[in-house]
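Written below as structure tokens is the structure these notes are about.
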2 protein chains.
Amino acid sequence: MTEQPGRRVRADARRNTDALLEAAAAVFATSGVDAPVREVATKAGVGVGTVYRHFPKRSDLVAAVFRHSVDSCADAAPVLAAEHGPGEALALWLQRYTSFIATKRGLAAALHSGDPAFDALPAYFDGRFRPALGALLESAVAAGEVRDDVEPGDLLRAVANLCLAGSDVGPDHSRRMVDLLVDGLRYGVSP
Amino acid sequence: MTEQPGRRVRADARRNTDALLEAAAAVFATSGVDAPVREVATKAGVGVGTVYRHFPKRSDLVAAVFRHSVDSCADAAPVLAAEHGPGEALALWLQRYTSFIATKRGLAAALHSGDPAFDALPAYFDGRFRPALGALLESAVAAGEVRDDVEPGDLLRAVANLCLAGSDVGPDHSRRMVDLLVDGLRYGVSP
DNA sequence: GAACTATACGGAACCGCGTTCCGCTTTGTC
DNA sequence: GACAAAGCGGAACGCGGTTCCGTATAGTTC
């Protein structure tokens, strides 16, 4: 995926990896992470051989899509922070994170499948989300809009559990629960 | 499996179902629940066709093995009750239940796979284990060996969680934890 | 116990999926 | 424009679940 050493990546190769990541994200979102590799290949307008050239194992593709979507969610944090007040940015990002989690249903099982391709994902998740949320929290705390006794990691986990557990109940149940949680953050502000 | 209606089961058919259940239990125990059907068939000395005659879907076989082992564990309760004092019978059965849970590692994932063959299993689990443990508890309480504020269902769940969570730590970690729990039961006896 | 039929058996065959292989195409360079 | 390296496509392989069907057998009837 991410190449560094001397060898330069050919233009078509780069184009194909991008197309594959995009196609895979779409296919996994609609058909679940168990969708056949061929389906992804077709959607990307590419042969299976090409998929396996870029992602030696099926699980590498899944992991790459995961990392990719973690990145885009984490990268949204500074953008929101620049465009909104601290409290609102925090709330908006948590909603964004909520929908990220919602698309990761099938993955939860895969993560515990023992496939080594997934070993590094939890660390990646924390490494990207904790700082992202940490910054938002800090600003909100500094602005006095939010209490100061909440750890980013705990909040991430809490929201994730809330979403994964309450998903059967109804569509925007998760959204409401997360709103509730955010209100909870706002409650105990020390003057 | 369990036939009732007019049609009588042929002797060889019955022999084969039994052999299959036994073989499947053995294979699943060593190779996990994902072991190939063919492996079970071979171990049972039977063709694949025969497996599918008795268990239309692979998951039906898995479910049948599960029910079978639930039964044998639940049936142990009255036997232990007859052979030991109330408190000891309770402790011994919980250890038996502990090792039952230990063999069900891979199944936990399967249960949430959405396969309809597994839908009825949780109810079966409760239906057999709650009465079994309930009787043991009741006797122990009546004998004044154990406190009276514990629900069978809660205890079953607690032990299961204890075992499934602590399994990575070490072999008899579960055993010690369950012993601890039993001691906890004995602690608060009201005179 | 021989004939007969419903029932059950075995395993080859089929299908979908992950993965590999390899002859052909494209890119980048001189 | 020619050449080699890098990349591509898709046929082909192996494996696992499931189906099919010709054959064998249990149980029954005389």
Side-chain angles (χ1 to χ4, degrees), chain A residues 1-21 23-24 27-28 30-65 106 109-110 113-118, chain B residues 1-21 23-24 27-28 30-65 106 109-110 113-118:
Chain A
M1 261 120 293
T2 38
E3 304 263 346
Q4 201 68 352
R7 206 151 295 300
R8 280 189 36 200
V9 239
R10 243 169 66 170
D12 54 349
R14 169 137 201 74
R15 213 181 315 130
N16 279 332
T17 7
D18 291 350
L20 275 172
L21 277 175
V27 169
F28 290 163
T30 52
S31 311
V33 267
D34 291 333
V37 171
R38 279 175 244 259
E39 195 178 330
V40 175
T42 305
K43 180 132 194 165
V46 141
V48 257
T50 302
V51 179
Y52 280 92
R53 160 166 302 271
H54 295 295
F55 307 97
K57 298 266 161 197
R58 191 200 135 66
S59 48
D60 294 325
L61 213 200
V62 177
V65 169
S113 69
D115 192 311
F118 299 135
Chain B
M1 257 120 297
T2 37
E3 305 263 347
Q4 203 67 352
R7 206 151 293 302
R8 278 187 37 198
V9 241
R10 243 170 67 170
D12 55 350
R14 168 137 201 76
R15 215 181 315 129
N16 279 331
T17 9
D18 290 350
L20 275 171
L21 277 175
V27 169
F28 291 164
T30 52
S31 312
V33 266
D34 291 333
V37 171
R38 279 175 245 260
E39 195 178 329
V40 175
T42 305
K43 179 132 196 165
V46 140
V48 257
T50 301
V51 179
Y52 280 92
R53 160 166 305 270
H54 295 295
F55 307 97
K57 298 268 161 196
R58 190 200 137 66
S59 47
D60 294 325
L61 212 199
V62 176
V65 169
S113 69
D115 191 312
F118 299 135

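When reading the values below, keep in mind they use all heavy atoms of this one structure, side chains included, and skip hydrogens, waters and symmetry mates. A, B, ... follow the sequence lines: proteins, then strands. Residue 1 opens every chain.
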Q: Could you tell me whether the phosphate oxygens of C:dC9, OP1 or OP2, come under 4.0 Å of any side-chain nitrogen or oxygen in B:His54?
A: yes

Q. Got A:Phe55 and A:Val62 here, is their nearest side-chain heavy-atom distance under 4.5 Å?
A. no

Q: Determine whether any donor atom in the side chain of B:Arg38 lies under 3.5 Å from an acceptor atom in the base of D:dG17, or the reverse, and answer yes or no.
A: yes

Q) Would you say a side-chain N or O of A:Tyr52 is under 4.0 Å from OP1 or OP2 of C:dT20? A) no

(Q) Distance check needed: D:dG10 C1' versus A:Arg53 CZ, whole Å only. (A) 14 Å

Q. If only side-chain N and O atoms of A:Asn16 are considered, is one of them under 4.0 Å from the OP1 or OP2 phosphate oxygen of D:dC8?
A. yes

Q: Mark yes or no for a side-chain to base donor-acceptor pair under 3.5 Å between A:Arg10 and C:dT26, with no hydrogen or angle criteria applied.
A: yes

Q | Pairwise 5' ranking along DNA chain D for B:Ala11 and B:Lys57, keeping only the more 5' one | A | B:Lys57

Q: Using atom CZ of A:Phe55 as one end and atom C1' of D:dC8 as the other, report the distance to the nearest whole Å.
A: 15 Å

Q.
Tell me the interatomic distance from B:Asp34, atom CG, to D:dC15, atom P, rounded to whole angstroms.
A. 17 Å

Q: Write down the distance between CG (A:Leu61) and P (C:dT19), rounded to a whole number of angstrom.
A: 10 Å

Q) So what does A:Arg58 hit on the nucleic acid, given a heavy-atom distance under 4.0 Å: a base, only sugar-phosphate, or nothing? A) sugar-phosphate

(Q) Side chain of A:Asp12 only, heavy atoms from C-beta on: which candidate in D:dG17, C:dA8, C:dT27 is closest? (A) C:dT27

Q) Side chain of A:Ala13: nearest nucleotide among D:dT18, D:dG17, D:dG7? A) D:dG7

Q. Cut-off 3.5 Å, side chains only: do A:Ser59 and A:Asp115 have a donor facing an acceptor?
A. yes

Q) With no hydrogens and no angle check, is any side-chain donor or acceptor of A:Ser31 less than 3.5 Å from a backbone partner on A:Phe28? A) no

Q. How is A:Val37 classified with respect to the nucleic acid when contacts are heavy atoms under 4.0 Å: base, sugar-phosphate, or nothing?
A. sugar-phosphate

Q. Rounded to whole angstroms, how far apart are CG on B:Asp18 and P on C:dC9?
A. 12 Å

Q: Calculate the interatomic distance between A:Arg15 atom CZ and D:dA6 atom P; express it in whole Å.
A: 18 Å

Q) In terms of side-chain heavy atoms of A:Val48, which of D:dG17, D:dG27, D:dA11 is nearest? A) D:dA11

Q.
If the cut-off is 4.0 Å, is B:Thr50 near the phosphate of C:dA8, judged by side-chain N/O to OP1 or OP2?
A. no

(Q) For D:dA6 and A:Arg8 - does any side-chain N or O of the residue sit under 4.0 Å from the phosphate oxygens OP1/OP2? (A) no

Q) Below 4.5 Å, heavy atoms only, C-beta onward: do A:Leu61 and A:Arg58 meet side chain to side chain? A) no

Q. Counting distance only, does the side-chain N/O of A:Ser113 pair as donor-acceptor with the main-chain N or O of A:Ala109 below 3.5 Å?
A. no

